[in-house]
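For reference, the structure is listed below as structure tokens.
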Amino acid sequence: MQNYEMFAQECKEFLFDQNGTRRDYRIYDSYIMRFAYGVDASCYRYIPKLVLKPINEEEVQRIIMLSNAYNIPLTFRGSGTSLSGQACSDSVLVVCMHKWQNIKASADSIWCDCGVIGVDANNALKPFGKKIGPDPATINNASIGGIFSNNSSGMCCGVKQNSYHTIKSIRVILHDGFILDTSDSKNVQEFINTHTDMIKEILALRQEILDDKALHKEIHRKFAIKNTTGYALNSLSDFEDIKDILNHIFIGAEGTLGFVSRVEYTPVKDYALKACALLFYENLSLAAQAIEILARNDDKVSAAEIMDYACLKAVSALDGMPEELTKITQENCCILIQIESDSKEILDSHLSHIKAELECVPTLFGIHFSFDEATQAKWWKIRKGLLPISAGTKRRGSTVITEDICFEIPNFAKGIRGIQKLFAEYEFEGIIFGHALSGNVHFIITPLLSDEKERNNFALFMDKMVELVVALKGSTKAEHGTGRMMAPFVEQEWGEKAYALNKRIKHIFDAKNLFNPDVLICEDKEIHIKNLKPAHSIDDYIESCMECGFCEKVCPSKNITLTPRQRIAVYREIRRLESLDHKSAQEEQEELELLRKDYAYFGVATCATCSMCASICPLEIDSAKIAINIKNANASKGASAIARVIANNMDKTTQIAKIGVSAANVGATLLGNNVLKKLTFSLNKILHTPIVPKYMPTKNTYTLQSKIIESSEKTPNVPTPNATSVIYLTSCLNRVFAPPIQAKDKRPIQAVFESLCKKAGISVIYPKNIAKMCCGKAFKDFTTKDPSLNPIHHTLKELLEISDNGNIPIVCDHSACSGELIEQLKQFYDFTKLQVYDMSVYAHDVLLPHLHITPLNESVGIYAVCSCKKHAWAQSIEHIAAACTTNEVITHAQTYCCGFAGNKGFSTPQLNASALQGLQEHFKKTSPTRMYASSSTCEIGLSDSTNHAWQHIIYLLDEVCQSKEVLS
């Protein structure tokens with residue numbers, strides 16, 4: 001342990017500031033964070049002794065050199081969507097996502113840092129009509145480093161467009177700290193001059209393969225299909241130039257040979273026209289016949305995804321599924337086909353050809369292709385989310401284990417039948433799906449690993465599965481990477497001679513076995529059935545989580561404390577430890593106390609409860625409920641009593657809040673905004689008192705009229721009488737806040753909305769008791785125990801009455817409150833008639849068509865807050881901004897939630913600061929002159945982060961518009 005302590009101390013010298021404070025929380029040694037980062041999507045549990053988060057190559061170099069000095073093994077990781085146990089470690093885990101997201105794209109090349117998410121690379125290539133070749137189902141979440149290091153492929157990629165066949169260059173840090181950049185000829189020459197022994201050994205391996213005709217032929221055969229078992233031996237036989245060999249040998253190496261910091265791909269065509277069809281078959285044997293036909297026509301078909309009956313059953317209850325799913329029976333299956341082209345004529349020709357070819361294999365419901373993008377997107381979303389969706393049907397307490405194998409097409413049907421027989425033999429209700437065009441089969445089993453019989457059956461199943469695949473001359477790992485799951489079987493698949501070559505490759509690049517040991521090359525033949533995640537059943541709303549990590553990229557706390565996946569995993573472990581006998585080992589009791597103690601901050605206080613995780617999870621698992629439920633359970637009688645007083649006296653509460661705002665404004669005047677923020681930030685650390693941000697709102701003194709504000713200009717072509725008026729439910733926050741003193745337009749938002757409505761010929765109606773009304777979002781921490789605390793009931797009743805039973809639309813001026821109102825409407829059937837608009841949507845849909853815009857020639861920065869993203873309102877803000885300027889509209893797509901979270905920006909400012917770091921850097925580079933959002937509290941954090949006053953998007957709209965009627 002002493003080596004680890006010394007290693008950690010030296011790492012702190014460059015991962016901590018000189019005064020000893022953490023730099024962006026980039027080194028973790030606490031148990032809760034080590035446990036949390038040990039979690040990946042595999043079935044394995046390894047708890048690292050230390051977690052490091054370097055942000056550049058220099059820091060990684062230093063970590064590697066310290067690893068050598070202290071003989072400390074390292075595992076490099078990106079998103080941790082890995083399924084085979086290659087992204088976890090019981091030594092030092094080095095996570096390279098944050099700050100590793102630079103992209104440089106052109107029509108013929110794309111450079112990506114290792115932390116770039118695959119979908120972001122594709123978004124950068126969209127203007128050129130291109131995409132990266134690999135298209136794994138996890139492309140929306142997996143990082144380029146993982147995609148490259150696993151040689152992931154996917155639906156349309158096959159073998160022809162994977163990393164191996166589309167790589168142009170790499171940057172990799174070797175065991176001695178040398179940074180090899182194969183795009184730089186001088187660097188390559190320096191490597192040749194300084195690493196002569198390594199090059200000799202590599203070329204000697206190549207010659208051995210070339211001299212052994214049988215081995216050479218076998219390597220060619222095995223890599224003609226999808227194969228990620230072992231190292232890329234084909235890189236030695238396919239290439240002669242050392243640069244080309246080095247470009248390719250790291251592909252699929254799973255971080256065991258060095259740290260790949262950046263890759264350059266040759267993009268592939270992203271065809272503009274696509275047609276998809278779901279073909280249903282009576283059984284897998286018939287489907288396999290269709291697949292043989294499709295494989296013969298792979299120049300015309302880009303993807304063919306097979307899904308068995310269990311898959312279809314798992315997704316049948318989801319919204320918008322094809323009607324055919326209600327008609328299928330046991331043994332039925334389907335194939336999702338995609339055909340694509342840039343030419344309608346060519347596409348039609350391919351469709352006709354494929355239909356004719358497939359006519360000889362009977363389908364259940366015919367062959368029908370869809371050209372509708374929304375329909376296609378829904379089908380593909382299901383296919384890409386099939387793993388977690390199917391896992392959602394697992395038995396309570398069971399573990400999700402998925403494997404992917406590959407067969408040559410003539411053996412495809414035989415391979416599937418063999419897997420089905422193994423399901424029956426070892427009593428697993430498995431499911432089968434996969435990339436059939438490539439002969440690639442995925443399957444899922446969900447054993448109860450706490451049950452000795454099922455655990456033994458899992459081990460026997462794996463042995464027999466490998467025997468089956470080897471007998472059919474397939475790959476035991478097609479695209480998920482070898483990992484710990486298949487490391488014991490590499491020699492069995494490849495044979496003794498080829499396995500010896502694999503071991504020599506490892507030795508050439510990592511003689512001390514410090515890069516990701518036991519992954520890919522492992523002497524322990526039972527490692528695949530060791531260190532399995534202990535099973536434990538938890539609350540229904542999170543029980544189905546398989547820890548895939550799809551949720552992580554949208555979470556505002558991902559770079560400061562826990563992600564949703566980690567929050568669930570730690571909570572699950574706490575519940576498991578609590579369930580043990582009170583006489584359990586002292587170590588387990590200590591672990592429980594550590595996790596309980598730290599979870600209050602890491603799991604609860606820094607959860608923004610924005611529920612963005614649910615919006616991207618295929619199962620819509622909402623980890624925010626953990627924090628909400630814990631807070632409700634821990635709410636004292638005194639706190640609940642105070643909440644009741646506030647809920648029943650919103651008018652008095654807002655008046656008191658205004659006094660507080662005035663006091664903050666006075667303090668800012670006396671001390672200055674920056675000094676006051678620093679002072680209150682220091683007090684927040686000690687006393688947990690609220691901070692006063694630099695862009696603190698001023699007190700709202702605007703008088704709301706409780707009667708209709710008549711419009712002096714009526715628009716004659718408004719379609720219905722009720723469209724000439726709107727009920728304005730201005731939020732309690734906006735009744736307290738007016739813009740900060742730094743704002744360009746200091747009018748309260750109520751005055752701006754009235755101005756816009758007047759120009760559009762629409763009357764504004766304020767509810768009579770507006771001062772007492774609230775959406776109830778602020779009371780969620782108390783209302784689980786006592787729903788009567790929520791003032792939403794009173795608010796909805798009054799809105800129903802004043803809206804003439806829902807005939808008059810209602811607009812809310814704070815997107816978080818708008819979202820809460822709409823969510824509450826789903827809970828209370830009596831109020832579903834209410835038409836509730838977020839102000840940004842109302843401004844776009846209703847007001848904008850009646851306004852004349854004189855656009856500015858200034859760049860406009862916008863941010864769609866998390867409520868806008870969840871309810872699909874973001875486009876309204878984008879379209880308003882685009883209408884109001886002839887210049888660029890700038891946003892930061894990778895910031896999904898700002899983390900201000902209503903009051904957390906005042907009480908837990910570090911969450912907001914961390915969540916907005918990427919946006920801050922992006923806006924600093926792009927320098928928009930104006931910035932707009934749609935929630936006043938979020939705008940406070942955005943303003944402090946960018947040093948520019950943000951305001952609601954309607955301020956921009958009102959500035960540039962006039963009434964069409966006045967102009968006419």
Side-chain angles (χ1 to χ4, degrees), residues 38-46 82-85 88 308-311 313-314 330 386-405 415-434 441-469 476-477 480 483-489 492 522 524-540 542-548 568-569 572-573 575-581 584 588 619:
V39 174
D40 71 355
S42 74
C43 60
Y44 298 105
R45 169 180 288 181
Y46 287 86
S82 307
L83 295 164
S84 302
C88 43
D308 74 355
Y309 175 77
C311 294
K313 184 180 177 182
Q330 192 78 33
L386 198 52
L387 173 58
I389 289 171
S390 301
T393 64
K394 70 183 178 71
R395 295 170 294 167
R396 294 183 66 83
S398 62
T399 300
V400 177
I401 295 175
T402 182
E403 273 309 312
D404 77 305
I405 54 185
I416 287 182
R417 286 195 296 271
I419 295 297
Q420 289 177 316
K421 287 179 181 177
L422 291 178
F423 287 165
E425 182 177 352
Y426 295 105
E427 301 176 14
F428 291 126
E429 293 183 4
I431 72 169
I432 291 175
F433 58 100
V441 178
H442 300 319
F443 61 84
I444 297 174
I445 55 175
T446 54
L448 287 167
L449 294 176
S450 56
D451 181 272
E452 185 178 357
K453 178 184 177 183
E454 292 201 30
R455 189 168 61 251
N456 290 336
N457 277 354
F458 164 57
L460 293 170
F461 175 91
M462 291 298 294
D463 291 340
K464 292 291 187 178
M465 184 270 290
V466 172
E467 289 178 15
L468 169 71
V469 175
T476 56
K477 270 299 184 181
H480 291 171
R484 287 175 171 83
M485 182 65 80
M486 210 51 61
F489 303 104
Q492 185 175 344
C522 182
D524 184 350
K525 298 305 180 184
E526 293 186 346
I527 196 165
H528 64 300
I529 52 174
K530 293 180 178 178
N531 297 300
L532 299 168
K533 290 176 180 175
H536 183 72
S537 181
I538 51 173
D539 311 62
D540 287 343
I542 50 177
E543 166 66 23
S544 57
C545 175
M546 64 159 289
E547 298 167 4
C548 65
I568 292 172
R572 193 193 303 267
E573 177 67 358
R575 296 293 297 273
R576 185 187 73 84
L577 292 172
E578 288 174 342
S579 72
L580 298 178
D581 188 282
S584 58
E588 290 175 326
L619 294 172

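Quantities reported herein were computed from a predicted structural model and do not represent experimental measurements.
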Practice prompt. Among T399, L83, I401, L619, find the residue that satisfies the side-chain contact (heavy atoms from CB on, under 4.5 Å) test when tested with M546.
Written response: L83
Worksheet item: Closest heavy-atom contact between M485 and C43?
Response: CE-SG, 3.6 Å
Fill in: Residues which pass side chain to side chain contact (heavy atoms under 4.5 Å, CB included) with K313, listed by chain and number, not counting sequence neighbours
Y309
Response to the item:
One should read off an interatomic distance between H528 NE2 and S84 OG, to the nearest 0.5 angstrom, of 12.5 Å
Worksheet item: Roughly how far apart are I431 CD1 and F423 CZ, rounded to 0.5 Å?
Response: 8.0 Å
Worksheet item: With no hydrogens and no angle check, is any side-chain donor or acceptor of R396 less than 3.5 Å from a backbone partner on H536?
Response: no
Practice prompt. Take atom CD of E588 as the centre, draw a 6.0 Å sphere, and report whether it contains more than 12 heavy atoms from other residues, nucleotides or ligands.
Written response: yes
Discussion item. For the backbone of G397 and the side chain of E543, can you confirm whether one donor and one acceptor N or O come within less than 3.5 Å of each other?
Written reply: yes
Discussion item. Apply side chain to side chain contact (heavy atoms under 4.5 Å, CB included) to residues D524 and K530 and explain how you reach the verdict.
Written reply: CA-CA 10 Å; D524 184 350; K530 293 180 178 178; 2.8 Å; yes
Item to complete: Would you mind reporting whether I444 and F433 have side-chain heavy atoms less than 4.5 Å apart?
Response: yes
Worksheet item: If you measure from the Lys or Arg side-chain nitrogens to the Asp or Glu carboxylate oxygens, is any gap between E427 and K453 under 4.0 Å?
Response: yes
Discussion item. Parallel, tilted or perpendicular: which one describes the rings of F461 and Y426, with boundaries at 30° and 60°?
Written reply: perpendicular
Worksheet entry | Heavy-atom pair with the smallest gap, counting every atom of T446 and S398 | O-CB, 3.4 Å
Worksheet, complete the sentence: All heavy atoms of D308 vs all of I432, minimum pair found to be OD2-N, 2.8 Å
Fill in: Side-chain (R572) to main-chain (C545) donor-acceptor, under 3.5 angstrom
yes
Worksheet, complete the sentence: S450 meets the side-chain hydrogen bond (donor to acceptor under 3.5 Å, both in side chains) criterion, sequence neighbours left out, with none
Fill in: From CA spacing to verdict: side chain to side chain contact (heavy atoms under 4.5 Å, CB included), E547, D40
CA-CA 6 Å; E547 298 167 4; D40 71 355; over 6 Å; no
Practice prompt. Measure the spacing between OG1 of T402 and CD1 of I445 and express it to the nearest 0.5 Å.
Written response: 9.0 Å
Discussion item. Test side chain to side chain contact (heavy atoms under 4.5 Å, CB included) on I405 and L468; report intermediate values, then the result.
Written reply: CA-CA 10 Å; I405 54 185; L468 169 71; 5.7 Å; no
Worksheet item: Is R484 reaching over with its side chain to a backbone N or O of G85, donor-acceptor style, under 3.5 angstrom?
Response: yes
Discussion item. So does S42 get a backbone contact from the side chain of K533, meaning a donor-acceptor N/O pair under 3.5 Å?
Written reply: yes
Response to the item:
Between the CG atom in L448 and the CZ atom in R395, the distance rounded to the nearest 0.5 Å is 4.0 Å
Worksheet entry | Ionic contact status for E452 with R455, cut-off 4.0 Å | no
Fill in: Side-chain heavy-atom pair L580, L577 within 4.5 angstrom cut-off
yes
Worksheet item: Between atom NE2 of H480 and atom CE of M486, what is the distance when rounded to the nearest 0.5 Å?
Response: 11.0 Å
Practice prompt. Would you check if M462 and I529 make a side-chain contact, meaning some heavy-atom pair closer than 4.5 Å?
Written response: no
Fill in: Main-chain N/O of P447 paired with E454 side-chain donor or acceptor, under 3.5 Å
no
Worksheet item: Looking at SG of C88 and CG of N531, how far apart are the two atoms once the value is rounded to the nearest 0.5 Å?
Response: 8.5 Å
